[in-house]
Amino acid sequence: MSEIPKAYEPQSVEDKWYDFWLKQGCFTADPQSAKPAYSIVIPPPNVTGMLHMGHVLNNTIQDILSRKARMDGKEVLWLPGTDHAGIATQVMVEKQLKKEEKKSRHDLGREEFLKRVWAWKEKHGDIIINQLKKLGCSCDWTRERFTMDPEYSRCVQKVFVELYKKGLIYRGKRMVNWCPVSQTALSDEEVEMKPQKGFMYHFKVQVAEAPDTWLTIATTRPETIPGDTAVAVNPKDPRYAHLIGQHIVRPLPAELPREQKLIPIIGDEHVDFEFGTGVLKVTPAHDKADFDIGTRHKLPLIEVINADGSMNVLAGGPLAGLDRFKARKVAVELLTEQGVMVEEKPYENNVGFSQRADVPIEPRLSEQWFLKYPAVPESKACVEQDGFGSTPAPGVGASAPAGDSGRATSFDAHGQSARLTAADGASAAAPGAGALPGKMRFHPQRWAKVYDHWLTNIQDWCISRQLWWGHRIPVWYRNGEVHCGLEAPSGEGWTQDSDVLDTWFSSWLWPFATMGWPEPTDTLKKFYPTTDLVTGPDIIFFWVARMIMAGYEFMGDLPFQNVYFTGIIRDKQGRKMSKTLGNSPDPLVLIAQYGADALRFGTMRSAPLGQDVLFDEKDVELGRNFCNKLWNACRFRQMQGSAGASPASEDAPSEQFEIQGEIERTLLTPDDKWILLKLDAAIREVSIALNEYKFSEATAALYKFFWSEYCDWYVEACKAVFFGTDTKQKANTLAVIDFVLSHTIRLFHPFLPFITEELWHGMGYATDMPDNQGGKTIMNAPWPLPFDDDFKGHYGLDDCYLEMTDTKYELVRNGRDLRRAGNIQAAKKVKYVFKPAQHLTPHDAEVIKLLLNAEALEVNADYPPPKGTPTVQSKLGELFLPLEGLIDVAAEKTRLTKELDKIQSEISKVEQKLANPNFTQKVPPAVLAEHEQRLADWKAKLAHTQVSLETLG
RNA sequence: GCGCGGUUAGCUCAGUGGUAGAGCAUUACCUUGACACGGUAGGGGUCGGAGGUUCGAAACCUCCACCGCGCACCA
């Protein structure tokens, strides 16, 4: 790493290392490996889709989990692929066809149209895959799958045939959710209820048998009146019960003769007599509830709406041919003309919308294929609900069924060499965490309730779609015969069902169909069930729940052990990202501008578990700034030269001192011990956060350690050594820096794969590692472990050094305050005098001097401060800034007085507590001691500040 | 109607019983020998409201308000 640029430039670095990883096959999973397995299947993005911020969030998390698992010594399979996304893709190609050739798919015919879709897929299918590569995703691309691959299609057909033979799949004429724009049936999950402003129309109808009696009916859909075949009242309703069995005259179509418009008044419990007028018009062909009433009363069905949402001839002359919404207005006019319109009042109700086309669903009777969901009881039972085995004790029995394939909650002390070199510290295979054997855990767990509720109330799944792009239903018909099978039946005259299957009917097989099922492949044996699934809660029913059922039905086991539900990415104002709003930044643009590492880090830092993420480009900027900081910290290390006494040349790699030296424990300064202890704490915090899927906590911990502890204090303190002349001490400090950096870079690797790989090699930390332990790539370097007691004992890493060094830094902070009080510019060098309370090492004196940016620090135990000299008091001694005349004494006095007020108020707070006998008697001893200590500390501060004030005179 | 989240600094959010935190923004000063994508120091909060439990509540309980989401749904 020669001639390091001042600012980190991600562009060249990122492409270089991604190519390297691919060439070296670093992402390829080996089913024969002896290592424990870790696996994830990607939620397959739409094959014609483009990367958006949701993908960034989701796939960064999967990449972090995968990379961490590799460093934990797992054999990792992250299996990628794409989804054919039936409606979305078909619509996209249809639009293009319309635009470029002014043709519809019907103009081309099915076969030709499908050729066009495949052509589109060939042309655009790689886009999102390449975008994922830009993001750094470590997927095993040799196993990339597409839901329309021949082998995958075979799985879908096989599953259909099996379920058909079991009687779980059946065909029937039922009311379905019909999208008039896409002209296909949809599942219940694809219908979105939206409140709509409209009108409640009241119109009156004459009772045929009692011409003086008129009933008033309330409806929001007067255009369906021609399809009414009864009116219903509640048999318990005293207003109307006596009319049951009589008839009313249906007002539309107006032109029909009266006797053709007589429809019965029926009694049905479904009618709520509190609502509306208590009289319900029944349209069995165009309303689900009405269909049920119609079935109960054997009512005839009159279809008045076409598949495209227009009215047909049965709706009557003026309405026929009109769109349903236009027809509504005309129907109102017709009723008004007849003088039967009583009133129309504004009304808001919920209307089901097609999620795809964003138009109101039309309930419609049609012949469709349905699935009775399989394996429901197992699927319900396997997901841990709240308060059920929630937090396993650290390191206890939480291992996943596949043995060691889970994740760590505790730390194994082994593998920590007492000999401290930069890249040492082998990571133990972590004991499992996550779900209990045979159980699955959702993160955050509250989604388990949502899942359970859905599973409790599911209806059969409408799986047929009136589309062309998708898996065609493997059923053939001839006259009255039906054949369901993997192959077309022999003989003449068979025609295949023209429908295709719901896309989710193929993606629910994803976790095992991608691994070679139904063959018992090595991949399946090694990697199924998968370890983690990372996805959005918006597809918990569509995909997650159905995968679980398929897992039990076809593999006899759950498909994954943990499901992490991400939040939804929103813009700064909290709005969902959408193309129409134009508030969705293009991740590729962000990567070009800031680097993929920056995008990943920024996203992770602002994405707490279970909360939606309000995306702000500032976050990415923060990520870039952080990478730059990391870069420059390493640059600083490089500029200090080799750790050995003599600079080693590149031809002498046997002299490991080029990169790092052994740490000599007797030469460790308090600052060294301080940073090593802080590193130890950071390793713990980051590891724990990752094991709990708390990615924002992990990044925050790393950020704090590296920026606020390592850079702000340790690096600055080190300059005391580097600016000195003690070469042995310099070498030792460099060895400590190398140790800390080589660990830190590894901790950052899952988050920042590119810059860490660059630094790992550039700093030379790779060179003394075995090839499969980080020598080739940091990807396989062992994840750092917290230090064990032997290690700490050997290097004298006692917690007292934390306190001691904190006190030193506190003194520095207070000393800097004096400059400000004196209005001394930051750049101006001044002389401080220090009156030590105990022995002060030359090293510490030098550190204090440097951190104070002082011209000099005179250490003088007998210093007689002139009146008016600003001072700070500390356990270590008194620090003076003797600048007579330059100090604004009054201002400093004001500051100190303010300080005194604050101290006194803190003292009285604690004293009050301690004076309360209830408190002192009931509180745990540790808390009591802590309060007493706090009081003592504040009192010492009070004394110090008082002295400072007096010294000012 | 049922259920789930949320309400803490100007903004975005951490903080599950013991001294209110971070990043951004902001103010002042500084291009000093890793970094201006930087440094140093500062200002800024009665933790949505009301009760309760407790020696002690931002945190636990009850109720309320507002924001968001999911499920169900009456024409």
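All figures in this text were calculated on a predicted structure; none of them were measured in a lab. Chain A is the first sequence line, chain B the second, and so forth, proteins listed ahead of strands; every chain is numbered from 1.
- The side chain of A/E906 approaches B/rU19 more closely than any other nucleotide in the set B/rU19, B/rA34, B/rG43.
- Side-chain rings of A/F626 and A/F601 approach one another, their centers coming within less than 6.0 Å.
- If you check B/rG23, B/rU12, B/rG18 against the side chain of A/L614, the one that comes closest is B/rU12.
- Distances were taken from every side-chain heavy atom of A/D272 (C-beta onward) to each of B/rG18, B/rC74, B/rA25; the shortest belongs to B/rC74.
- Residue-level contact check: A/M193 touches the bases, meaning some heavy atom is under 4.0 Å from a base atom.
- Heavy atoms of A/Y201 sit nowhere under 4.0 angstrom from any nucleic acid atom.
- One finds no side-chain N or O of A/Y347 lying less than 4.0 angstrom from the OP1 or OP2 phosphate oxygen of B/rC74.
- With hydrogens and angles left out, the side chain of A/K629 and the base of B/rC35 share a donor-acceptor pair within 3.5 Å.
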(message) Assess the residue pair A/R324 and A/E223 against the criterion (salt bridge (Lys or Arg N to Asp or Glu O under 4.0 Å)); give the C-alpha distance rounded to whole Å, side-chain angles, the decisive distance to 0.1 Å, and a yes or no.
(response) CA-CA 7 Å; A/R324 49 191 171 149; A/E223 74 278 14; over 6 Å; no
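- For the pair A/D619 CG and B/rC11 C1', the interatomic distance rounds to 11 Å; values are reported in whole Å.
- Candidate nucleotides B/rU19, B/rG70, B/rG23 were compared by shortest atom distance to the side chain of A/Y703, and B/rG23 ranks first.
- Between the P atom of B/rC4 and the CD atom of A/Q385 lies a distance of 12 Å, rounded to the nearest Å.
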(message) Is there a side chain to side chain donor-acceptor pair (under 3.5 Å) between A/T725 and A/K730? Walk through the geometry before answering.
(response) CA-CA 8 Å; A/T725 53; A/K730 273 190 205 178; over 6 Å; no
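- Aromatic ring pairs are classed by plane angle as parallel below 30°, tilted from 30° to 60° and perpendicular above 60°; the pair A/Y8 and A/W631 is tilted.
- The side chain of A/N918 sits closest to B/rC55 out of B/rC55, B/rC74, B/rG18.
- A salt bridge is defined here as a Lys NZ or Arg NE, NH1 or NH2 lying under 4.0 Å from an Asp or Glu carboxylate O, and A/E362 with A/R221 meets this definition.
- A/D817 comes within 4.0 angstrom of sugar-phosphate atoms only, judged by non-hydrogen atoms across all strands, and of no base.
- Counting any heavy atom pair closer than 4.0 Å across all strands shown, A/N457 reaches no nucleic acid atom.
- Checked against B/rG18, B/rC37, B/rA34, the side chain of A/A7 finds its nearest nucleotide in B/rC37.
- Taking atom P in both B/rC67 and B/rC73, the straight-line distance is 25 Å, to the nearest Å.
- For A/K236 and A/E269, the salt-bridge test passes: some basic side-chain N is under 4.0 Å from an acidic carboxylate O.
- Checked by distance alone, A/E716 brings a side-chain donor or acceptor within 3.5 Å of a matching partner on the base of B/rA34.
- Among the nucleotides B/rA41, B/rG15, B/rU12, the one closest to the side chain of A/E697 is B/rG15.
- With hydrogens and angles ignored, the 3.5 Å screen pairs no side-chain donor or acceptor of A/N234 with any backbone N or O of A/F273.
- The C1' atoms of B/rC64 and B/rC29 are separated by 50 Å, rounded to the nearest whole Å.
- Nucleic acid contact for A/C627: none, since no nucleic acid atom lies under 4.0 Å from a heavy atom of the residue.
- With respect to the salt-bridge test (charged N to carboxylate O, under 4.0 angstrom), the residues A/D188 and A/K288 qualify.
- When base pairs are accepted only as Watson-Crick or G-U wobble with both N-N or N-O distances under 3.5 Å, RNA chain B takes part in stems of 3 or more pairs at B:1-7 with B:65-71, B:10-13 with B:21-24, B:26-30 with B:38-42, B:48-52 with B:60-64.
- In this structure, A/A633 reaches the bases: a heavy-atom distance under 4.0 Å links it to at least one base atom across the strands shown.
- Under 3.5 Å, the side chain of A/N350 and the base of B/rC73 form at least one donor-acceptor pair of N or O atoms.
- The distance from atom NZ of A/K922 to atom C1' of B/rC55 is 6 Å, rounded to the nearest whole Å.
- Residue A/P537 is out of contact with every strand shown, counting any heavy-atom pair closer than 4.0 Å.
- Among the atoms of the strands shown, only primed sugar atoms or phosphate atoms (P, OP1, OP2) are found under 4.0 Å from some heavy atom of A/R816.
- Counting non-hydrogen atoms under 4.0 angstrom, A/N349 reaches the backbone sugars and phosphates but no base.
- By the 6.0 Å and 45° rule, A/K281 does not stack over the aromatic ring of A/F203.
- For the segment residues 274-285 of chain A, residues with any heavy atom less than 4.0 angstrom from an atom of RNA chain B are, sorted by number, A/F275, A/L280.
- Proximity of the aromatic rings of A/Y809 and A/W713 is defined here by a centroid distance below 6.0 angstrom, and this criterion is met.
- Taking atom C1' in both B/rG17 and B/rC61, the straight-line distance is 14 Å, to the nearest Å.
- The residue A/K719 sits close to a base: some heavy atom pair falls under 4.0 Å.
- Taking atom P in both B/rG49 and B/rG42, the straight-line distance is 30 Å, to the nearest Å.
- Residues A/F919 and A/H931 bring their aromatic ring centres within 6.0 Å.
- The aromatic ring centroids of A/Y564 and A/H443 lie 6.0 Å or more from each other.
- The residue A/W454 sits apart from the nucleic acid: no heavy atom pair falls under 4.0 Å.
- Nearest-nucleotide positions on RNA chain B for A/K194 and A/F636 put A/F636 closer to the 5' end.
- Using C1' as the reference atom, B/rA50 and B/rG18 are 25 Å apart when rounded to the nearest Å.
- If you check every strand for non-hydrogen atoms under 4.0 Å, A/T220 touches sugar and phosphate atoms only.
- Taking atom C1' on both B/rA20 and B/rG15, the two are 9 Å apart, rounded to the nearest angstrom.
- For the pair A/K913 and A/N625, both in contact range of RNA chain B, the more 5′-proximal nearest nucleotide belongs to A/K913.
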